[in-house]
Novice: 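Following this message is one structure expressed as structure tokens.
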Amino acid sequence: ATPPASRSLRGSVSLGDEAVCPGIEAHDRAWRGGAELLFDGVKKHQVTLPGQEEPWDIRNLLVWIKKNLLKERPELFIQGDSVRPGILVLINDADWELLGELDYQLQDQDSILFISTLHGG
Amino acid sequence: MCQVGEDYAEPASEEPPPRQPGREQKCVKCKEGLPVVVIRAGDAFCRDCFKAFYIHKFRAVLGKNRLIFPGEKVLLAWSGGPSSSSMVWQVLEGLSRESAKRLRFVPGIVCIDEGAACGLSPEARAKTLAEMKLILQTVGFPWHVVALEEVFDLPPSVLRCFAQEPVETEGAYKAAVDSFLQQQHVLGAEGAGDSPSLAQGEEQLSWPCTQDPQNPQSPDRPPTAAQTEALSRLFDSVKTLTAKEELLQALRTHLILHVARTHGYSKVMTGDSCTRLAIKLMTSLALGRGAFLAWDTGFSDERHGDVVVVRPMREHTLKEVAFYNHLFAVPSVFTPALDTKAPEKASIHRLMEAFMLRLQDQFPSTVSTVYRTSEKLVKAPRHGCAASPPGPRCLLCMCALDIDTAGAALLSQGGPPSLRHRAAVLRLPREHEGLALRGPPATLHLGRGPAPQPELLPQGLHRAADPGVPG
């Protein structure tokens with residue numbers, strides 16, 4: 001059987017929050033969170049990661065994001081091999097601390113959400 | 001058991017134990033649910049327990065401080081950001097509960113449009129305002145949107161500290177709550193209808209509010225181009241980002257206080273989170289504001305006298321706020337700030353923020369340790385007087401000047417050279433044409449005399465050609 005690592009992985013990478021305000025129609029939503037400023041203003045990215053030898057984990061994903069999605073000021077998003085302190089990572093709506101942080105192995109159709117806490121009060 | 005000469009099986013680890021809370025772990029609270037978030041240094045909470053924990057903290061902070069009386073008008077300062085949005089949402093949910101523990105005050109929302117200070121185009125400002133109004137209408141409290149440009153129209157009375165109300169005793173709070181509950185009971189018996197949040201005597205407050213209740217004297221109008229230009233010039237004239245941040249904060253506070261006073265609010269709630277206050281504490285130390293830490297970071301800030309600023313979110317970390325807002329769909333509006341995309345060393349605020357957050361990453365008790373320290377800060381009145389000292393106040397931050405009165409007296413006579421260099425002299429003109437600052441603004445002291453020029457320059461770079469006071 002083909003090991004999963006060599007198949008491509010599909011999923012989504014989102015920035016900021018997609019909070020829905022009750023009573024407001026979907027087309028009126030224009031919430032922005034701040035992190036997408038570094039990604040050309042695009043909040044949600046449907047992503048297909050190419051199959052490769054090493055398994056895809058968050059660590060590799062960050063490298064991939066830096067190379068392919070980040071449009072400016074990488075140091076505001078990535079620090080060393082992790083995200084900058086103050087940026088939260090949610091994997092399928094759960095805290096990445098519960099899932100091994102950088103070592104979490106990506107699954108097909110995973111949804112990764114980055115929330116910058118550094119904005120606003 | 002330790003025995004001399006016996007080797008330990010393995011050397012003592014110097015690193016903190018590696019965090020391995022796997023998904024197999026259960027919620028630490030209910031022991032059943034699947035955890036979704038890790039709080040503090042390893043406590044995993046499931047969704048429902050996290051929600052209960054979050055709401056409980058908000059209520060507990062308000063409850064244990066007992067400063068907000070039933071029926072009191074409280075102005076919520078909303079920036080659109082996650083913390084203040086979460087606060088507004090907590091108030092909204094807390095007021096709508098049908099239980100004895102329901103929140104009982106009367107809220108309003110103020111939102112300051114700071115676009116001019118941050119260099120936003122009029123189109124961007126209008127767009128952000130439109131989004132904010134959508135949320136404001138959904139929330140339904142009376143709201144006031146005020147452009148920062150309106151600081152130029154503030155009367156000089158904002159710079160005076162009004163007499164403080166006498167400190168309420170424990171008994172007074174309980175008596176107020178009991179009497180309020182009795183009134184509600186009577187109202188309910190008379191079939192007062194379904195406006196449970198209206199305190200008696202507050203009928204003039206429209207509820208829910210769909211219009212824009214601005215000051216009746218000045219109808220809702222956007223700031224003029226001249227005012228916007230003046231504000232931009234003011235901020236451009238401030239050379240460092242650190243000083244710009246402080247100026248923005250001072251002006252914003254004055255404006256919010258003015259709105260509160262104009263519309264009869266006796267309390268202002270701000271959304272400062274635990275993380276933000278820990279950063280603020282360290283930043284204030286670096287800025288030389290050590291004497292005022294208790295007011296700057298404590299739960300309540302009474303420096304303005306008649307209006308008290310409270311910080312009900314001060315026990316929530318930014319992570320908790322972000323998770324709650326995401327999990328429970330709390331809307332917020334992103335607005336670029338002064339330091340958006342600024343590099344790390346651009347200002348003391350940024351540097352301190354980076355320092356604290358990086359430290360917090362390695363040592364997850366950093367923020368809470370700083371916070372616990374800030375809780376211990378006591379507002380010690382000077383010279384032992386119980387009421388706020390009647391001495392002069394800084395016109396920017398409204399805190400009591402921390403200089404000796406003897407020194408102040410010398411200063412007004414153009415005192416010794418060492419004092420002159422350290423303090424600035426403010427000329428408050430009789431006709432209120434404007435304010436001027438001179439000299440390095442370590443402290444400000446009210447003086448008397450004609451104003452050299454009507455321009456506010458907090459860095460004190462402007463030198464007045466006034467032979468009366470040597471500089």
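Within every chain, numbering begins at 1; the chains are lettered A, B, ... in the order of the sequence lines, protein sequences first and strands thereafter.
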Novice: Side chain from CB out, backbone as N, CA, C, O: work out which of these in A:Q79 comes under 4.5 Å of a heavy atom of chain B, or both, or neither.
Specialist: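 For A:Q79, the contact with chain B is made by the side chain alone.
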Novice: Determine whether more than 12 heavy atoms belonging to other residues, nucleotides or ligands lie under 6.0 Å from atom CZ of A:R10.
Specialist: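 Result for CZ/A:R10: open.
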Novice: Compare all side-chain heavy atoms of A:L113 with those of B:H326 and state whether any distance is below 4.5 angstrom.
Specialist: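 Touching, per the 4.5 Å side-chain cut-off.
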Novice: Which one of B:R358, B:M356, B:Q360, B:Q362 satisfies the side chain to side chain contact (heavy atoms under 4.5 Å, CB included) criterion with A:P85?
Specialist: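 By the side chain to side chain contact (heavy atoms under 4.5 Å, CB included) criterion, A:P85 pairs with just one of B:R358, B:M356, B:Q360, B:Q362: B:R358.
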Novice: B:E353: which residues meet the salt bridge (Lys or Arg N to Asp or Glu O under 4.0 Å) condition with it, sequence neighbours left out?
Specialist: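 B:R276, B:R350.
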Novice: Check A:L98 against B:V37 and note the closest heavy-atom contact, atom names and distance.
Specialist: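 Closest pair (atom of A:L98, atom of B:V37, distance): CD1-N, 3.6 Å.
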Novice: Can we say A:R84 and B:E344 salt-bridge, meaning some charged N sits less than 4.0 Å from an Asp/Glu carboxylate O?
Specialist: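 Judged by the 4.0 Å cut-off on N to carboxylate O distance, A:R84 and B:E344 do not form a salt bridge.
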Novice: Quick check on side chain to side chain contact (heavy atoms under 4.5 Å, CB included): which of A:D95, A:I115, A:T117 does B:F323 satisfy it with?
Specialist: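 The passing option is A:D95.
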Novice: Do A:E75 and B:P343 touch side chain to side chain, with heavy atoms closer than 4.5 Å?
Specialist: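 Counting from C-beta outward, A:E75 and B:P343 never come under 4.5 Å.
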